[in-house]
Each structure stands twice: as structure tokens, then as C-alpha cells.
Amino acid sequence: MTTRRRFPKLMFGGDYNPEQFPREIWDEDMRLFQAAGIDIASINVFSWAWNQPDEDTYRFEWLDEAVDLLHAKGIHVCMGTSTAAHPAWMARKYPDILAVTYDGKKRKFGRRHNSCPNSPAFRRFAPRMALELARRYKSHPAVQLWHVNNEIGIRCYCDNCEAAFREWLKKKYGTIDAVNRAWYTRFWGHTYYEWEDIVLPSGLSEGMQGGNSDHSAFQGMTLDYYRFNSDSWLECYLLEAEAIKSVIPDALVTTNFQGNGTYKPLDYFKWARYLDIIALDMYPENDTPPSVMALRYDLMRGLKEGASFLLMESTPGAINWKPVNPAKRPGVMRLRSYQAIARGAESVMFFQLRRSLGAYEKFHGAVIDHCGHEHTRIFRECATLGDELKSLGDRLLDARTESRVALMFDWDNWWAVEMGGGPSTLFKYVDRVQHMYDALYDNGIPVDLIAADADLSRYELVLAPLLYMAKPDLADRLERFVEQGGTFLTTFFSGIADEHDQVVPGGYPGYLRRLLGIWVEEIDPMFLGQSNRLLMKQSLGQLEGAYGCAIACEVVHPEGADTVAVFEEDYYSGSPALTRHRFGQGEAWYAATEPDREFMRLWLKELCAERGIHPACEATPDVEVASRRKDGARYTFVINHSDQHRDIRLGRGKRTDLLTGSIYEGDTRLAPRDVLILHEESEEGR
Ligand code: GLA
Ligand code: ZN
């Protein structure tokens with residue numbers, strides 16, 4: 001069954017919690033929503049307790065009224081299933097619903113996101129709620145989107161999870177011997193005899209003292225627990241999603257991804273297959289560099305191979321969970337909203353539409369502030385954006401980003417490389433991916449974030465920094481990709497382990513050794529602030545001379561690869577720091593360290609230029625460039641993240657700014673925190 005068409009335009013709205021306010025406020029809300037151009041409201045996100053006061057009673061009258069009211073004003077409803085905070089009676093009657101923490105503490109009723117994903121009570125009541133809601137609103141024209149739970153994904157270490165883990169393992173491995181082999185259990189006398197011997201890798205079992213909860217004595221086991229926990233929640237998601245679809249087969253169902261998209265506990269690539277549309281919550285801080293958000297939007301777009309996603313939450317004002325939460329500066333909300341659209345968002349949605357009066361989030365930013373009226377800076381900024389999104393209409397809906405460069409992002413690898421017992425806890429996967437990403441971002445070159453099992457044939461360049469876990473099949477696919485003319489690039493500490501986090505014997509980088517044409521003998525991690533230098537032995541594009549490098553240096557022996565740069569200092573001075581291996585029709589690059597940002601920028605610029613890959617217009621450190629294509633047209637977003645004017649060079653050809661209708665050509669000046677969406681008809685796109 002195909003899902004229904006999404007939306008008529010770029011949607012604008014956010015989380016709306018009318019249940020927190022007296023009924024007379026709701027009418028005022030409607031007036032204000034209309035004044036702000038709001039056309040979508042996520043409701044019923046945390047109202048399980050209000051909807052279901054006991055096991056057999058459901059009361060949705062308030063929700064009926066809210067949905068009708070929104071509908072009367074032409075506002076679409078994103079219907080939450082309300083299951084992210086279980087009711088107090090449920091915790092009292094069915095304590096199995098309460099999760100157990102890493103250090104073995106049984107939670108009491110409280111907060112939210114407190115439910116165990118393998119609790120029989122949770123798995124019974126949550127889908128039942130989804131079913132009740134689907135039955136009630138199946139033909140309501142306002143309900144366009146279903147939103148399961150909310151920011152799913154705690155880790156639970158209770159006995160029910162433990163029992164479910166054993167079942168998961170039986171399915172995966174079949175025998176206890178296979179588990180013993182996969183987890184390398186002859187180490188520290190861990191041989192398991194019976195399935196019951198296996199306990200969850202928590203702080204009470206495999207947690208290493210002084211380590212964080214990610215550090216495990218048995219990494220293969222913890223890796224499987226992470227996969228299992230992600231799967232457990234996915235099952236919970238599907239129980240609700242399927243309940244909805246049993247009533248509304250073409251319902252558009254999603255859940256909002258958290259952690260700005262790089263949320264460690266859930267393998268979002270795996271999840272994405274089961275979501276009808278990706279939805280993201282994005283909460284940068286004021287000083288978060290724009291490339292950090294850009295990477296995460298590209299990742300969300302990558303989850304479903306280029307499909308647009310929803311920006312389900314962001315804040316129009318301040319966040320509220322840091323020690324100090326400064327106001328969002330004028331113009332920043334608008335600018336960052338366009339950044340999301342530039343990279344594939346089909347909506348700009350906020351948490352929250354009206355600021356709550358009590359409890360934890362009463363000082364979190366909102367469209368309607370505590371004063372209750374529209375005469376605030378934030379409201380005005382929202383209304384301006386609302387108008388603009390109205391004028392953009394459906395123009396950018398379903399536009400695509402075209403990229404010949406791919407950047408790999410793999411949750412298994414992320415989990416494994418940070419599990420402790422390694423050369424350095426500074427080998428932070430997301431940071432290393434970000435560093436590689438920045439090199440493309442700085443050049444304004446579009447990139448697709450891809451899974452480790454993605455089809456590589458669509459790309460000319462595949463980048464996979466810190467590819468610690470290179471599964472055997474991946475190495476084969478990379479070899480084929482390069483043989484057929486592709487360029488592959490990876491960095492230090494790659495190809496080390498297999499899918500069970502066991503080291504591939506016979507020399508690093510394991511399965512990647514043939515492709516890279518090198519043997520890595522030693523890995524020498526560096527402390528924060530420490531650095532070495534990398535000296536170019538031959539010039540490469542604009543790269544020449546020396547550049548800084550950090551995080552780690554390795555002792556590399558070429559086995560067919562050319563040495564392009566060498567280390568300047570330490571006992572490996574003069575040995576290869578950067579190698580290129582010609583392999584079939586293509587080439588495979590290895591950086592035996594992390595070169596500085598300038599080196600990365602020039603390196604990627606050159607590798608792209610060799611293949612004729614250029615940005616739509618020149619990016620500068622503060623000016624972001626991103627393009628979308630649709631129906632033979634190209635829309636180039638030029639985003640000035642600075643609070644100064646910036647000169648930009650657009651090159652030849654007239655382009656019209658969608659927001660103002662002004663025509664631009666050649667050199668121009670962009671106001672502080674302003675954005676252009678330049679439209680041009682392109683030959684290639686036709
Ligand atoms: C998350 C949640 C929301 C709200 C916001 C506050 O994204 O989904 O319910 O708590 O954070 O930033
Ligand atoms: Zn549990």
C-alpha cells in the first residue's frame with residue numbers, strides 16, 4: 001500500500017499542547033496561529049494519562065474538539081500517539097513498564113521516556129492506544145500525519161530485556177557456541193554454557209570501572225546489545241505503526257528522530273526503512289557551527305536515499321536545558337530554518353507553539369510567549385517566515401539534491417569504535433565524520449550521507465573516515481567501486497575489526513589492505529592539543545608544503561601505494577602520512593592521521609575538481625551553499641551565517657531570488673543573516 005501524498009506546501013507549525021490550557025485560550029491560539037501562517041500542529045504528544053485515566057477508559061472529547069478547531073482554521077494535524085510518557089496508574093499496576101538503568105536501578109514513575117521496550121504492559125497498551133486513535137480519526141480530514149511516541153530510544157537493562165536479548169541471540173546465532181565465538185569468550189573465562197548464563201552488559205556486569213556506559217569489557221556482546229535495543233524499540237514503533245495502518249492503510253506514519261539526527265542508541269539507517277517519512281528534531285546551540293547542522297540534515301536526507309524529511313521540532317527562541325540558555329538572536333531562526341529546507345526539509349516545525357506555564361519546559365522557546373499576544377520579536381519573526389513559506393508554496397517540495405560524492409555513516413562502526421579498550425577515547429566517530437564533511441561543506445560541494453550497505457555505483461567519490469569496522473562484504477564492494485573508476489578515501493584506524501568487533505588478523509587495515517595498498521604497523525594516538533605535521537612530497541592542486549595534523553599518527557608501509565605526504569616529526573618522521581593507491585581504473589587514498597581543516601578543504605577540492613565536481617557558487621567560511629533540483633530547475637541556497645555583510649561571487653548567468661523576486665548575477669552582497677534562494681533553469685536537470 002502506498003502512503004498518501006504528503007503536503008500541499010512547505011509546512012509550518014509545531015507541537016501544540018492545548019490540554020495544558022483552559023478552553024477559552026484555544027480560540028485565541030487559532031487566531032494567533034493564523035496570524036503566524038501556521039498550517040500544521042502536532043498534538044496529543046504527551047497526553048496518554050489524560051486520554052486514558054484507567055485500563056478501560058478512553059476519553060478523547062478534548063482531542064476531538066482540538067482537532068475540529070484546527071481543521072476549521074485549515075490547520076493540518078500531526079497526530080501523536082501519546083505513548084512517550086506512560087500514565088501513573090500503569091506504573092502502579094504494571095511495574096514491569098518501568099525501565100532499569102545501566103547501573104541497575106529500577107526507575108520509579110516520573111519524567112517521560114521511562115518505559116521499557118520489552119515490557120509486556122507497554123507492548124500491550126501502547127499499540128492499543130494507537131489503534132483507538134486510528135479508529136477515532138481515520139476519516140478526519142485534518143489528520144495528515146501520524147507521529148508515534150516521541151524521541152524514542154532509551155536503553156533498558158531490566159529482566160524482561162535480558163530474557164528478550166537471549167531470544168534475539170538465539171535467532172541470530174542459533175547455538176551458544178556461535179555466541180561464544182562471536183564474543184571471543186575464552187578471554188577472561190567467559191565461556192557460556194547455557195542461554196541463561198548470558199546477562200545484559202550493564203554496569204553490574206561488563207561495564208568497565210571509570211569508563212562511561214559505552215565502555216564494555218566484552219565489546220562484541222555490547223555491540224549486540226545495542227543492536228538488540230535498537231531493534232526492540234523498532235518493534236515497539238512498528239506495533240503502533242501497524243495498529244494505525246490496520247485501520248488507515250495509507251496513513252503517513254513517522255516518529256521524530258532525536259540527538260539532532262546523530263542519536264547513538266538507535267540505528268537510524270535501519271529504522272528509516274520502516275518510516276514513511278523521516279522526521280527530525282534539531283536543537284543547535286547559538287554557537288553551534290552551521291556545518292554541524294548541515295551534516296545532520298544531509299544525514300536525514302540520506303536515510304531514505306535522498307527523500308525529503310520533516311523538520312519536526314526546532315526552537316523559535318531559547319533552548320532550556322543548558323546551564324545558561326541565551327536568546328536566539330534576531331534572524332537566526334529564519335536563517336536556520338532555510339538551512340534545513342536547503343538540505344531537504346519539507347517543513348519548519350517548532351517545539352512549542354504556546355509556551356507552557358508550568359514544569360520543566362516553561363522557559364523553552366515558543367511562538368506564543370507567556371504574555372499571550374503577538375507583539376513579540378519572536379512572534380513577528382515566525383509570522384514573517386510563515387508568510388515567506390506561504391509564498392514559496394509547493395515549489396521546493398520533492399526537490400532533490402544531486403551529489404556525486406558520498407560520505408559513509410555507520411552506526412555499527414560508531415558503536416564499536418567508541419567502546420573503550422582502544423588506543424584513544426578521542427577517536428570519536430561523529431567528530432571524525434564531521435571533520436571530513438567540513439571539507440566538502442567549506443567548498444560548497446553537495447554530499448550524500450550513505451549507509452555502509454548503500455549502492456556505491458551512483459557516486460564518483462566515496463569517503464569513509466575512521467572506518468574501524470569494515471565488514472568483509474563492504475571491502476569487496478569498495479574494491480569493485482574503485483576498480484571501476486571510483487575514488488575511495490579513508491583515514492587512520494580503519495579496517496581493524498569485523499562485524500563482531502574482532503580484529504581481522506594478518507595486519508591492518510585488514511580487509512582494506514589490498515585496496516589501499518598499505519600495511520599499518522603501529523597506531524600512535526595523540527593527546528588533545530598535541531599535533532604533528534604532514535609534509536607534501538609532491539604538490540596536489542593547491543596543496544604544497546606542510547600542514548598540521550592531529551588525533552593519531554600511524555606507521556605505514558606502502559605495498560603498492562604512492563606516498564603523497566610524510567610525517568615531519570617523531571620517530572616516524574619521513575614515513576607515509578598520505579598515500580594514494582591506483583587500483584583498477586580508480587584510486588584509494590589513505591590518511592594515516594587527521595590533517596587540519598585547511599588541508600582537508602584543499603584536498604577534497606582537488607579530488608572533486610579532477611572529476612569536474614564544482615559548487616553551484618563559491619562558498620566561504622560563513623556563507624553556505626546548497627542546491628536542490630526539481631523539474632529542470634535548480635534552486636541554489638546561499639546562506640550568510642555571519643552577522644556581517646558578505647560578498648559573494650555568483651558567476652555568470654541571471655538567477656532570480658525566490659524570496660524577493662530580485663535578479664542576481666556576478667558579484668553581489670548578502671546582508672547579515674540573510675539568504676537567497678536562486679532559481680535558474682538548468683540544462684542538465686531537464
Ligand atoms: C524534544 C522533545 C520535546 C521537547 C523538546 C524541547 O525534542 O521531543 O517534547 O521536550 O525536546 O527542546
Ligand atoms: Zn527493559
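Note that the structure is a prediction, hence the values are computed from the model and not measured. Atoms within each ligand, like the ligands themselves, are counted from 1 in listed order.
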Original post:
Within less than 4.0 angstrom of ligand 1, does F46 place any heavy atom?
Top reply: yes
**OP:** Run the numbers for me: atoms of ligand 1, each under 4.0 Å from some heavy atom of N150, listed by number.
**Re:** 2 (C), 8 (O), 9 (O)
**OP:** Can you sort out which atoms of ligand 1 are near F351, meaning under 4.0 Å from one of its heavy atoms?
**Re:** 3 (C), 4 (C), 5 (C), 6 (C), 9 (O)
Original post:
Hey, does the Lys NZ or Arg CZ of R155 hover above the aromatic six-ring of Y226, less than 6.0 Å from the centre and inside 45° of the axis?
Top reply: yes
Does [X] approach ligand 1 within less than 4.0 angstrom via side chain, backbone, both or neither, non-hydrogen atoms only?
X: E361; result: side chain
X: N256; result: side chain
X: I319; result: neither
X: R112; result: side chain
X: H364; result: side chain

Original post:
SG (C156) to the Zn ion (ligand 2) to SG (C161): angle, nearest 10 degrees?
Top reply: 110°
Original post:
Quick one: angle C158 SG - the Zn ion (ligand 2) - C116 SG, to the nearest 10°?
Top reply: 100°
**OP:** Please confirm whether E313 comes within less than 3.5 Å of ligand 1 when only nitrogen or oxygen atoms on both sides are compared.
**Re:** yes
Subject >> D281-ligand 1 polar pair, N/O distance under 3.5 Å >> reply: yes
Test of ring centre spacing under 6.0 Å for [X] and [Y]:
X: W321; Y: Y360; value: no
X: F122; Y: Y94; value: no
X: F125; Y: W89; value: yes
X: Y157; Y: Y225; value: yes

Original post:
Would a 4.5 Å heavy-atom cut-off, applied to side chains only, mark K93 and D54 as touching?
Top reply: no
Original post:
Would a 4.5 Å heavy-atom cut-off, applied to side chains only, mark W271 and T255 as touching?
Top reply: yes
Original post:
Salt bridge or not for E381 and K328, using N-O below 4.0 Å?
Top reply: no
